[in-house]
Amino acid sequence: MSTAPNRRAVAVILLAPLVVTLALWTFAWPAARIAPRDLPVGVAGPAPAAQQKLEQRFEQRDGAFDVHRFDDEAAARTAIEDRTVYGAVVVTPQGPHLLTASAASPVVSQLLREAVTASVPEDTPVRVTDVVAAPPGDPRGSVLGASMLPLALAGMAGGAVVTLMGLRGARAALTLVASAALVGVAVTAVTHSWLGAITGDWWTEAGAVALTVLAIGSAVAGLAALFGPRGIGLGALLMVLLGNSFSGVSSAPHLLPEPVGAIGQWLPPGAGGSLLRSVAFFDGSAAGGAVLTLSLWTLFGLAAVLFARRAPTPAEPVEPAREPALTG
């Protein structure tokens, strides 16, 4: 009796717990270790002594905060709007004035409230101003945080379908671009027009979503063009398991364990989340790095789709070898 079926059964039995363990590690471990790590915050005010004292209290938590100094409240507000810092504390004669940006991360805004309240005497009031507030349609950032997995799955599905249907060359590239563009329009219609969860320029947001989906889809199709159907599995590992769980969209990249936060921003889901947040709430501030990351993944994937030579998939017919023409 052949042992091949038995070997396949053993492989499935061993593979199932391995996949579950990997999924738990990628999703649960970063969520269980959320804490500030070099989180950019600002300190401003006309009183150098009080400013220095507050800065020292931030720095007492070793490695938690990256403190930036500003001359006044206006400079601190500008830094928040430019996404240089997540928030700032302005030292005033009446007490500390905390500037936050819940649109950048509601989790970080709450963390800063707790940190500043704990660093001042109990009877000292802390005034809080939300400089860039999250929209009323999504005050906790839940919609934006939950949108990355569907976008990753949409890009993943596009790249896999293009591969399994046997599309090649320019036809495959155009299919990926058209599919991503339609996803961008559909997603923006839901999140912006219906839910009110993002509030920037409509077409810019649609372009950010489309670029994110295109980067994921073209990367998956490119990996499949290079490595065959196994490339789809590699794409799922990079884009769904690692990319989505390491994106930091639901919290912030600076709250994830090192080097998870940095890795997540190098992958399309994390870069796409940062880009969408920038264009939706900050007029595109600090969007350059995310656009570059998504563009590089897109170029890699489309170049592989256009120029890589690979074996045909089961859905593709194998062209018979042609006999050489007889001469004479």
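Computed from a predicted structure; not experimentally measured. Here, residue 1 is the first one in the sequence, and each next residue gets the next number. As a basis for the values below, the full set of heavy atoms in this structure was taken, side chains included, without hydrogen atoms, waters or symmetry mates.
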* First locate atom CG of L153, then atom CE of M148, and finally report the distance between them rounded to the nearest 0.5 Å. => 11.5 Å
* Which heavy atom in F281 sits nearest to a heavy atom in I198, and how many Å separate them? -> CE2-CA, 4.0 Å
* When you look at CH2 of W203, are more than 12 heavy atoms from neighbouring residues, nucleotides or ligands closer to it than 6.0 Å? -> no
* When you measure from the side chain of S295 to the backbone N and O of V291, does any donor-acceptor pair fall under 3.5 Å? -> yes
* **side chain to side chain donor-acceptor pair (under 3.5 Å) contacts in which one or both residues fall within residues 233-251, not counting sequence neighbours** => none
* Sub-3.5 Å donor-acceptor pair from the side chain of T84 to the main-chain atoms of I80, do we have one? -> no
* To do: Scan for salt bridge (charged side-chain N to carboxylate O under 4.0 Å, His left out) pairs involving residues 74-93, sequence neighbours excluded, and state none if there are none.
  => E73-R77
* Asked: Do any pairs count as a side chain to side chain donor-acceptor pair (under 3.5 Å) and have a residue in residues 261-273, sequence neighbours left out, and if so which ones?
  -> Q265-S274
* Structure fact -> Taken to the nearest 0.5 Å, the spacing of T100 OG1 from L112 CG works out to 7.5 Å
* To do: Determine the minimum heavy-atom distance between A197 and P135, stating which atoms define it.
  => O-CG, 3.2 Å
* After noting the C-alpha distance and the side-chain angles of I232 and L164, does the key distance pass the side-chain contact (heavy atoms from CB on, under 4.5 Å) rule? -> CA-CA 10 Å; I232 298 177; L164 297 177; 4.2 Å; yes
* **Side-chain (D38) to main-chain (D66) donor-acceptor, under 3.5 angstrom** => no
* Is there a donor-acceptor contact under 3.5 Å from the side chain of R113 to the main chain of V128? -> no
* **Atom pair CD (E258) and CZ (R33), whose distance is rounded to the nearest 0.5 Å** => 14.5 Å
* Could you list the residues that satisfy ring pair (Phe, Tyr, Trp, His ring centres under 6.0 Å) with Y86, not counting sequence neighbours? => H254
* To do: Please confirm whether the backbone N or O of F282 pairs with a side-chain atom of S285, one donor and one acceptor, at under 3.5 Å?
  => yes
* **Separation between OG1 of T191 and CG of L144, rounded to the nearest 0.5 Å** => 8.5 Å
* For residues G272 and T212, report the shortest heavy-atom separation together with the two atoms involved. => CA-OG1, 3.2 Å
* Asked: What distance separates M239 CE from L242 CG, expressed to the nearest 0.5 Å?
  -> 9.5 Å
* Structure fact -> Applying side chain to side chain contact (heavy atoms under 4.5 Å, CB included) to P36 and not counting sequence neighbours gives L39, R61, A64, F65, L111, L255
* **E205 (side chain) donor-acceptor with T188 (main chain) under 3.5 angstrom** => no
* Has the side chain of T293 got a donor or acceptor atom that lies under 3.5 Å from a matching backbone atom of A271? -> no
* **Spacing of S218 atom OG and L223 atom CG [to the nearest 0.5 Å]** => 9.5 Å
* More than 12 heavy atoms of other groups within 6.0 Å of D72 CG -> yes
* Asked: Side chains of T129 and H97: is there a donor and an acceptor less than 3.5 Å apart?
  -> yes
* Pairing residues for A76 by the side chain to side chain contact (heavy atoms under 4.5 Å, CB included) criterion, not counting sequence neighbours -> A44, F70, A88, L99
